[in-house]
There are 2 protein chains.
Amino acid sequence: MSIRIVVVDDQALVRGGFAMVLGHQSDIEVVAEAGDGLEAIEMAQTHRPDVILMDIRMPAMDGLEATSHIIANADWPVRVLILSTFDPDEYVYKALRAGASGFVLKDIPPEQLVSAVRTVAEGGALLAPSITLRLIERFADQLALDTKVSSRLERLTHREREVLAEIAHGHNNNEISEKLFIGTATVKTHVSSILTKLGLRDRAQAVVFAYESGLAEPGDYDIGH
Amino acid sequence: MSIRIVVVDDQALVRGGFAMVLGHQSDIEVVAEAGDGLEAIEMAQTHRPDVILMDIRMPAMDGLEATSHIIANADWPVRVLILSTFDPDEYVYKALRAGASGFVLKDIPPEQLVSAVRTVAEGGALLAPSITLRLIERFADQLALDTKVSSRLERLTHREREVLAEIAHGHNNNEISEKLFIGTATVKTHVSSILTKLGLRDRAQAVVFAYESGLAEPGDYDIGH
DNA sequence: TCAGGCCTCCCTCTAGAGGTGGAGGCGCCA
DNA sequence: TGGCGCCTCCACCTCTAGAGGGAGGCCTGA
């Protein structure tokens, strides 16, 4: 069973080149080509390919928008590999958010393109080396920071860390007392102790500290409505 | 000028295999081999290679520790490519934090190992497809969240967003007034407006919102001392 | 056995936070 | 020109948060 592909690029020559390279592989079959985003969506619906090779810059509808649309509306497992001439941050992040499984530059050698397609078809993900580097750096920075500041968390007792976690959720003393089944006076004692130990002024700074130290992480819950 | 490499693995057979594959390339030269972390540090110091191919599981000192040590103390540009049999999350994150430029599984075909080494030597980064996928997912989740909540940020005026950013730094009304060159009364007006518009109760919740919405991000500065 | 740390709770006091309502100046746009 | 939104500032009021100091029960390790 071969990998079924749709190639999308507004330049027919480029499109044809990719299609030819891929079509020559015994396990890959190019089932359609498209010249812009709208056509891409149409071809995707019609042929239900395993992988879509998508250019970013295109007339009518660009590759990112088309990717979002296809991923959001597809009722079969489809994976998108983004092709770009440059690698500006903005595009990459938008592409990943759109649900792309990969982001490679057009200057890669044919055999790497082929293996990229196979990787993506198998459920993996693939980024251009320079992009991977940035992603790693972003990630590593965050981790390094976590460990640096979190050492100060060790000064706190177990109970204090619990209270700090509640503060980091935006709860007031009363809510914390109810949640931890203790009196508000006790909560105040803990809070004071936390602020003193960490050299903070008020609970707002405590929230900042919790996020900076990694005790709290974006994505846990919702505030307000 | 060829790429100078040190191969580190406790299994002589595996080490020899990698060394042979790489050594056959005209642009790659294996200058040393090491059987454990301590030896790796020694060889790195002695031969000052461009790239170190590092196994994780090793006696005496494991690859992660050795990587940390080498990266931290090297006075020349050295890059480490981690080799692992499995891909547990824990290892990957530790490796990235240690400063590794890549993380590949041992089952990759020889030609991909060679190109991985070249990529890393050129300053790029490379991860195994399955790991890249996880990294992307982690990242995409975060972004999706950002945009979801940040739509509420649009209700705020420009000035209010500035004030919110200051709140997210843990500053009190007085500090904000000094920083933005306005009166404290004005700051209070803005703060009230922010809390009302976002459905929040106090500035601690505002800090939470700032981090959850992506207006503030871990890593900006330090609180306390 | 006793000291010390942790958790619990109480009191008082003050400064800051936040709500409410009002006001003037500015720029934009119908 | 008149309205409208934004930014600026003021006064008054309420209330929570946080500081400071004290105290009892519990467990652990010297």
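Residue numbers start from 1 in every chain, and the chains themselves are labelled A, B, ... in the order their sequence lines are given, proteins ahead of strands.
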> OP1 or OP2 of D:dG18 sitting under 4.0 Å from any side-chain N/O of A:Arg201?
Replying inline: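 Answer is no, no contact under 4.0 Å.
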>> Using OP1 and OP2 only, check whether a side-chain N or O of A:Arg159 sits under 4.0 Å from C:dT8.
In response: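 For C:dT8, OP1/OP2 do have a side-chain N/O of A:Arg159 under 4.0 Å.
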> Would you say the side chain of B:Phe103 lies within less than 4.5 Å of the side chain of B:Met54, judging by non-hydrogen atoms?
Replying inline: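 No, too far: nothing below the 4.5 Å cut-off.
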Given atom [atom1] of [X] and atom [atom2] of [N], what is their separation to the nearest angstrom?
X        : N      : atom1 : atom2 : result
A:His190 : C:dG5  : NE2   : P     : 16 Å
B:Leu200 : C:dA17 : CG    : P     : 16 Å
B:Ile167 : C:dG18 : CD1   : P     : 7 Å
A:Leu156 : C:dG5  : CG    : P     : 16 Å
A:Arg161 : C:dC6  : CZ    : P     : 11 Å
B:Glu162 : D:dC7  : CD    : P     : 8 Å
A:Ile194 : D:dG18 : CD1   : P     : 10 Å
A:Leu195 : C:dG16 : CG    : P     : 15 Å

>> Should the side chain of A:Thr189 and the base of C:dC9 be counted as holding a donor-acceptor pair, with the cut-off at 3.5 Å?
In response: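 Yes, the side chain and the base share a sub-3.5 Å donor-acceptor pair.
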Closest nucleotide among [options] to the [X] side chain:
X        : options               : answer
A:Thr157 : C:dG18, C:dC7, D:dC7  : C:dC7
A:Asp202 : C:dG18, D:dG18, D:dC6 : D:dG18
B:Ile182 : D:dC6, D:dA17, D:dC9  : D:dC9

> Do A:His190 and A:Glu160 have a side chain donor and acceptor closer than 3.5 Å?
Replying inline: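 No, because no side-chain N or O of A:His190 sits under 3.5 Å from a partner of the opposite role on A:Glu160.
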Check every strand shown and say whether [X] touches a base, only sugar-phosphate, or nothing at a heavy-atom separation below 4.0 Å.
X        : answer
B:Asn172 : sugar-phosphate
A:Asn173 : sugar-phosphate
A:Thr186 : base

> Is there a side chain to side chain contact (heavy atoms under 4.5 Å, CB included) between A:Leu96 and A:Leu127 once you walk through the steps?
Replying inline: CA-CA 10 Å; A:Leu96 297 184; A:Leu127 297 176; 4.2 Å; yes
>> Between B:Lys106 and B:Asp55, does the side chain to side chain contact (heavy atoms under 4.5 Å, CB included) criterion hold? Intermediate values first, please.
In response: CA-CA 9 Å; B:Lys106 286 190 180 174; B:Asp55 185 30; 3.2 Å; yes
> Would a distance-only check, ignoring hydrogens and angles, find a side-chain to backbone donor-acceptor pair under 3.5 Å from B:Arg201 to A:Gly170?
Replying inline: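 Present.
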> Taking for each residue the nucleotide of DNA chain C with the nearest heavy atom, is it A:Thr184 or B:Lys188 whose nucleotide lies nearer the 5' end?
Replying inline: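 Per heavy-atom nearest nucleotide, the more 5' residue is A:Thr184.
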